[in-house]
2 protein chains.
Amino acid sequence: MRAPTGAGRPATGHARKIPASWRGSPWLHQLVLNRYGHFMVRSISSRRPATLASLAAELGVSRTTVSNAYNRPDQLSPELRQRVLEAARRVGYPGPDPVARSLRTRKAGALGLLLTENLSYAFRDPAAVSFLEGLALSCEAAGQGLLLVPANPEREDLAAVHRAGVDGFVVYSVPDDDPHLAAVLERPVPTVVCDQPSLPGVDTVGIDDGSAMTGMADHLIGLGHRRVGVVCMRLGRDRNDAIASLDRQRSAHFHVQRARLVALAAAFEAVGVPWAQVPVVERFDHSVESGASATARILDLDPEITAVVCTSDILALGALEEARRRGLRVPQDLTVTGFDGIAEAERVGLTTVVQPVRDKGAEAGRLLREQPDHGRPRKIVLPTSLRTGSTAAPPRNSQERWFGP
Amino acid sequence: MRAPTGAGRPATGHARKIPASWRGSPWLHQLVLNRYGHFMVRSISSRRPATLASLAAELGVSRTTVSNAYNRPDQLSPELRQRVLEAARRVGYPGPDPVARSLRTRKAGALGLLLTENLSYAFRDPAAVSFLEGLALSCEAAGQGLLLVPANPEREDLAAVHRAGVDGFVVYSVPDDDPHLAAVLERPVPTVVCDQPSLPGVDTVGIDDGSAMTGMADHLIGLGHRRVGVVCMRLGRDRNDAIASLDRQRSAHFHVQRARLVALAAAFEAVGVPWAQVPVVERFDHSVESGASATARILDLDPEITAVVCTSDILALGALEEARRRGLRVPQDLTVTGFDGIAEAERVGLTTVVQPVRDKGAEAGRLLREQPDHGRPRKIVLPTSLRTGSTAAPPRNSQERWFGP
DNA sequence: GTGAAAGCGCTAACAA
DNA sequence: TTGTTAGCGCTTTCAC
């Protein structure tokens, strides 16, 4: 029996009328009387995907019942539930549409992650991957998805941020002038920033970069180093593969780099090293090669330098490579230090600052999940530690002597 | 002027009536006459979040116009658009709700990624991370999000799969009996499987594991190895840190491992090695330690073994570690081979099969994006190559001689 | 260039 | 336990 496909509503107003858009569509329907005497629409062709409503019509039950079969098994008899689920399988109903459910419940079931501009660098940076691991695990434990939001710097694709159906955002290590960050903050969902930038009104998780780097500086100063060079990551969104001026250091848009440099400067100035004369070489790409080339630059500039301080382990690995290339023994001829504490750094015995990267991810997820009703922004500061490896020692011709350990 | 908060519709039917649910809510509204003489609702408190409709009411324009201001700038005058955008900022309207838009447009703007059961292993496996990188880059280029779908093996949390608002799924390297895979295939969106399992009706991207491993086997056979041991990843969802029986090898639920083992067996059987006597040690955890312990097991079982074939680089790194621990020189005393071609393997000169992991991710994304109107399932097979490093050489007391290259 | 109408597919408060 | 009602917030023909 074919249904009249024209418009108009059935004899009773209780059943949904046939949507006008179905007219002329390839999907066929028939009007059936349910057990309450209401007309309902039943699909007699499987071409139009089944919906909760069509399944309900098919079965002659209400939409609530079908919904309950999926979402509140305790709200209906096991037999009825079984009947519903079976019918669903028969007509190929894949269960409630997640998007419609999200709209209704106002929950997306996922967190968004805004990563540093260049995705590839993020995935090639073991520290970033560990952060991702921590966050992903935390999401998994909570049964939430994790949406990687593309933040292509070239296309300034804010649409991706606007389009993301998420219950909250984690922003990982972006410059303070990143337009994607601004777009995220405009969204009416909670946000946690990890590492950078430091924003007054926003929940934050990170470490105390300044004091961690002070610790490293003190260690080097204690060893007797006074003539040092620094390799750092990019300080702004522009590519500047060169010496970073004092001004550029102090106004860096990447707050983490800024804090580390400022701490270094303060510590060395305190023992009489004029920071303006210390070569601080910036590299846009965060890679081993960058670390090597920056180190080369430093050593070319001043071969008397006794220690190369790097603001990341990846860069430090490059420094080690360059030292090897030049036949400089580490640590006898040159001291090299890193920052992060990635696995590979430990393997080669790098002296570095170890930070709990994975925990940062977990904390970020937790913060987003535990929304206090009100209150001040939460600032989580995780502990770091100095790992003294085998890449730092007193300088060769140091006038200071080292009597340790 | 306070609006009557009771129900009922305004004098004209053109404006939306006030939703009953607003009654008694903390949000206040007033009825205003727009320039067409229609009553519209205006929010006079910013507590209830603005919507496209409320903004339209505020401005006295239709919802279409506001929608167009965001989605089709060419459909209205620049001045009007500007007015709309300004008003939006004033009332704190964050732009069209992404979920509602998704429901309407039937596009989620994201792909879902179902990863191997244990998330941590995925993030600690450089091959998996590279895959992720390739996929993420491909999504970024297309302006799509990438949703990591939690697939906790313990909680069998299929809800996460059901809840994922995505336009398609990528399934990366799961066993053929994974319930999450089944749940994904039930969803009415396209799916691409990467690596495993091999499913007849589903789009696929991978490599020819069999012939790649055959190449490796032939290489070892050519070097003169006949007494070999194998370290492989888990063959099923159950933990079995032990020798894998022939039967277990042949019926492995992880098709990639199965294909590699079957190829090895065939190649060695072909030169008279009885495969049943070759120790194949399985490890559930995919880690360097696993590779080491499995290698230890093999060498304890048969110290005369001349080559340890590993089905992944990570495991091979462990094998190298164990050899070092035992004072065995590689390759003089022991040959070790891997599979994947990760960066660290190259660094240590591992002889291995190199596969284009990043390309796999990119291909998976592309396949999902380019949906043919119809046709056979697409099977993409990417090329591999044998990288002869410094960890494979003829066996010490080989009766076969090696005259090459 | 602008507006009205229709409905995407679902859930939840309430009523029966 | 089941059904009815009322939207969630948006886009999109199609008419004006």
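Being a predicted model, the structure only gives us computed values, none of them experimental. Every chain is numbered from 1 and lettered A, B, ... according to where its sequence line falls, protein lines coming before strand lines.
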In residues 136-148 of chain B, what donor-acceptor pairs under 3.5 Å come from side-chain atoms, sequence neighbours left out?
{"unit_1": "B:Ser138", "atom_1": "OG", "unit_2": "B:Arg369", "atom_2": "NH1", "d": "3.2"}
{"unit_1": "B:Ser138", "atom_1": "OG", "unit_2": "B:Arg369", "atom_2": "NH2", "d": "3.1"}
{"unit_1": "B:Gln144", "atom_1": "OE1", "unit_2": "B:Arg369", "atom_2": "NE", "d": "3.1"}

**Report entry** Atom-pair distance (CG on B:Leu76; C1' on D:dT11), nearest Å
**Finding:** 15 Å
Report summary line: To the nearest angstrom, the NE2-C1' distance between B:His162 and C:dG9 comes to 16 Å
Report summary line: Atom CD of B:Gln75 and atom C1' of C:dT2 are separated, to the nearest Å, by 10 Å
Query raised in the report: Looking only at side-chain N and O atoms, does B:Arg101 come under 4.0 Å of OP1 or OP2 in D:dT11?
Result: yes
Query raised in the report: Quick one: do the B:Arg101 and B:Asn71 side chains pair a donor with an acceptor below 3.5 Å?
Result: yes
Requested in this report: Tell me what A:Ser102 touches on the nucleic acid: a base, only sugar-phosphate, or nothing, going by heavy atoms under 4.0 Å.
Outcome: nothing
Query - Distance test, side-chain N/O of B:Thr65 to OP1/OP2 of C:dG3, below 4.0 Å - result: yes
Query raised in the report: Sequence neighbours excluded, which residues qualify as salt bridge (charged side-chain N to carboxylate O under 4.0 Å, His left out) partners of B:Asp167?
Result: none
Requested in this report: Report the distance from atom CG of B:Leu52 to atom P of C:dA4, rounded to the nearest whole Å.
Outcome: 14 Å
Report task. Specify the separation, in whole Å, of atom CZ of A:Arg187 and atom P of D:dG9. Result -> 13 Å
Query raised in the report: Given atom CZ of B:Arg106 and atom C1' of D:dG9, what is their separation to the nearest angstrom?
Result: 14 Å
Query - B:Ser102 side chain vs B:Lys107 backbone, donor-acceptor pair below 3.5 Å - result: yes
Report summary line: To the nearest angstrom, the CG-P distance between B:Leu103 and D:dG7 comes to 17 Å
Report task. Evaluate the salt bridge (Lys or Arg N to Asp or Glu O under 4.0 Å) criterion for residues A:Arg83 and A:Glu86: first the C-alpha distance (whole Å), next the side-chain angles of each, then the deciding distance (0.1 Å), finally the verdict. Result -> CA-CA 5 Å; A:Arg83 247 183 74 213; A:Glu86 240 156 47; over 6 Å; no
Query raised in the report: Between A:Arg378 and A:Leu367, is any pair of side-chain heavy atoms under 4.5 Å apart?
Result: yes
Do any N or O atoms of the protein come closer than 3.5 Å to N or O atoms of nucleotides 12-16 of chain C, and which pairs are they?
{"unit_1": "C:dA12", "atom_1": "OP2", "unit_2": "A:Arg72", "atom_2": "NH1", "d": "2.9"}
{"unit_1": "C:dA12", "atom_1": "N6", "unit_2": "A:Thr64", "atom_2": "OG1", "d": "3.2"}

**Report entry** Short side-chain N/O contact to C:dG9 OP1/OP2 from A:Thr51, under 4.0 Å
**Finding:** no
Requested in this report: Please state how far atom CG in A:Asp97 lies from atom C1' in C:dT11, giving the value in whole angstrom units.
Outcome: 13 Å
Query raised in the report: Do the non-hydrogen side-chain atoms of A:Leu85 and A:Tyr70 ever get within less than 4.5 Å of each other?
Result: yes
Requested in this report: Please state whether the phosphate of D:dC10, meaning OP1 or OP2, lies under 4.0 angstrom from any side-chain nitrogen or oxygen of B:Tyr93.
Outcome: yes
